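Let me begin by presenting the structure, written as structure tokens, before commenting on it.
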Amino acid sequence: MAPQFTIPKTQKAAIVEKPDAPLKIVDNHPVKQPEELAPGECLVELDCSGVCHTDLHARNNDWPIPAKLPLIGGHEGVGRIVAIGQHTQNSPVKIGDRVGIKWLAYSCLDCEPCRKGLEQSCLNGKYSGFTVDGTFSQYVVSWVTHVSPIPENLSSAEAASILCAGVTVYRAIKYSGAKIGEWIVLPGAGGGLGHLAVQYAVAMGLRVVAVDTGAEKKDLVMRLGAEKWIDFRETKDLVKDIVEATDGFGAHAAVVTAANSEAYAQAIDYLRMGGKLMVVGLPARANLSADIFFTVAKSISILGSYVGNRQDAREALDIASRGKVKCFFALKPLSALSETYEGLEQGKVVGRVVLNMKD
């Protein structure tokens, strides 16, 4: 028999009413009731939610594609299913299951991108904390086909950031084609995505050059297995230092998670012949600049990598569940979201911030 849950009528939530207005935290936001769920929908009571740089972009509404307003942000939530819409058939999850809410909230599974394994680019996709309300609340509505089962040996707080940051960098590294023993450069290595990228790269047998700034970030990435560290604020010639650090020939791949366009332009110069640039970080209103001559002459490949599909999520969670990847995070209450956004804007967040929705 399915467990029974008492579902309140209202909940605590962080709401963006408009980009130039202060973030509003309320305790009387409506909770969608079980009888209101459509077939295929589920209601998840959240334990926690990670905070991603994407959430800051959604809050500021500074991407070319606007977020819905008003908006409850967040897309790295973990909790338990407390209700499933009536007439839902063949649900892969059941009431009581612990699941994760990802950036990709829904995909049709039938358009061309979906059929080719690019469901994260679904022509009919819905995105948590961007086009539909997300996880900066105590309850969230999602779709049974798109929540991710969480391995038992991963805590909710550990799993939260794997659902976006972990999946995103794991897929980018996987599709970079870098092989065991090859060099990979990770700009933004000490941040939320970057520190996970270091661990996934090491788990996949790659040699890591970590690029970031500050003693705290250096200490973190070197403990996580990076072989070389370059502080972009202290170096006099970043490209030269990276080339020298990678046997004098340059890196085989770069996964750029830094949210600035300069990091992409530099990668063309420090990649070796046949190198791959994986475009991951999304600066607000920025263009990708690449020297055409050297891109061609060095046979450089430039590939955009957008989060991951449901299979990528399962693989990323599985690697973490086996102890190969650990998210370093600070657990804070929902009331700390505004100050977390300030820290992200200033580049001061080391690792990840996870919000406790039970506070």
Side-chain angles (χ1 to χ4, degrees), residues 50 151 153-155 157-235 238 241-258 263 267 270-272 275-278 280-281 305 308 312 315-330 347 349-354:
N153 56 342
L154 271 183
S155 72
E158 288 176 315
S161 294
I162 300 298
L163 294 165
C164 177
V167 174
T168 297
V169 297
Y170 167 70
R171 179 184 175 89
I173 295 168
K174 181 170 73 169
Y175 281 87
S176 76
K179 298 176 176 60
I180 292 174
E182 293 186 341
W183 287 103
I184 189 166
V185 177
L186 302 175
L193 277 77
H195 88 286
L196 294 173
V198 171
Q199 296 174 78
Y200 278 111
V202 170
M204 296 161 79
L206 304 179
R207 305 178 71 183
V208 174
V209 177
V211 180
D212 214 316
T213 188
E216 191 174 2
K217 290 184 177 180
K218 177 183 179 180
D219 178 66
L220 174 62
V221 299
M222 296 306 286
R223 283 192 288 113
L224 295 178
E227 280 193 49
K228 303 290 179 68
W229 161 265
I230 296 173
D231 190 312
F232 67 81
R233 293 193 189 279
E234 294 182 358
T235 180
L238 179 69
D241 287 349
I242 291 176
V243 171
E244 290 180 353
T246 52
D247 304 324
F249 295 105
H252 299 86
V255 174
V256 181
T257 61
Y270 63 65
L271 285 169
R272 69 176 61 194
K276 285 189 179 178
L277 167 58
M278 303 302 295
V280 177
S305 185
D312 295 323
E315 292 172 7
L317 285 166
D318 178 65
I319 292 170
S321 75
R322 289 186 280 115
K324 303 295 184 181
V325 173
K326 181 177 178 60
C327 182
F328 287 78
F329 62 88
V349 175
V350 179
R352 209 69 162 171
V353 170
V354 175

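Position 1 is the first residue of the sequence, and the numbers go up from there. The structure displayed is predicted, hence computed values, not measured ones.
Interatomic distance, CD1 of Ile319 versus OH of Tyr170, reported as 4.5 Å (0.5 Å rounding). Taken from OG1 in Thr235 to CG in Asp241, the straight-line distance is 3.5 Å, to the nearest 0.5 Å. Atoms CG and SG, on Leu193 and Cys164 in that order, are 6.5 Å from each other to the nearest 0.5 Å. Residue Glu182 holds its CD atom at 10.0 Å from CD1 of Ile180, rounded to the nearest 0.5 Å.
Residue Val221 comes nearest to Val198 through the heavy atom pair O-CG1, 4.0 Å, listed as atom of the first residue, atom of the second, then distance. When every heavy atom of Val280 is checked against every heavy atom of Ala172, the shortest pair comes out as CG2-CB, 3.7 Å. Across every non-hydrogen atom of Tyr200 and Gly166, the tightest pair is CE1-O, 3.6 Å. Scanning both residues, Ala165 and Leu196, for their nearest heavy atoms gives CB-CD1, 3.6 Å. Here the closest heavy-atom approach between residue Arg272 and residue Phe249 is recorded as CB-O, 2.9 Å. Counting all heavy atoms, side chain and backbone alike, Ser161 lies closest to Arg352 at OG-CG, 2.8 Å.
Between Leu271 and His252 there is no side-chain heavy-atom pair separated by less than 4.5 Å. With a 4.5 Å cut-off on side-chain heavy atoms, Cys327 and His195 count as touching. Residues Arg207 and Val202 fail the side-chain proximity criterion, which asks for heavy atoms closer than 4.5 Å. Looking at Leu186 and Thr257, their side chains never come closer than 4.5 Å, going by heavy atoms from C-beta outward. Within the 4.5 Å cutoff, the side chain of Tyr175 has no heavy atoms near those of the Lys276 side chain. Between Leu224 and Phe328 the shortest side-chain heavy-atom distance falls below 4.5 Å. Within the 4.5 Å cutoff, the side chain of Leu154 has heavy atoms near those of the Leu317 side chain. Tyr270 is listed as a side-chain neighbour of Val185, based on a closest heavy-atom distance under 4.5 Å.
Annotation for Lys218: atom NZ does not count as buried by contact number, only 12 or fewer foreign heavy atoms lying within 6.0 Å. Heavy atoms of other residues, nucleotides or ligands lying less than 6.0 angstrom from CD of Glu216 number 12 at most.
The residues Glu315 and Lys174 are annotated as salt-bridged, a charged nitrogen and a carboxylate oxygen being separated by less than 4.0 angstrom. A salt bridge does not link Asp231 with Lys217: none of the charged nitrogens is closer than 4.0 Å to a carboxylate oxygen.
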Apply side chain to side chain contact (heavy atoms under 4.5 Å, CB included) to residues Val208 and Glu227 and explain how you reach the verdict. CA-CA 6 Å; Val208 174; Glu227 280 193 49; 5.8 Å; no

CA sep, side-chain torsions, deciding dist, call: Glu158, Lys326, side chain to side chain contact (heavy atoms under 4.5 Å, CB included): CA-CA 7 Å; Glu158 288 176 315; Lys326 181 177 178 60; 3.0 Å; yes

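Distance alone, capped at 3.5 Å, is enough to place a donor-acceptor pair between the Asn153 side chain and the Ser321 backbone. For the pair Asp212 (side chain) and Gly190 (backbone), a donor-acceptor distance under 3.5 Å is present. The closest donor-acceptor contact from the side chain of Thr246 to the backbone of Val243 lies under 3.5 Å.
Tested against Met278, the residues Val255, Val256, Ile173 include a single side chain to side chain contact (heavy atoms under 4.5 Å, CB included) partner, Val255.
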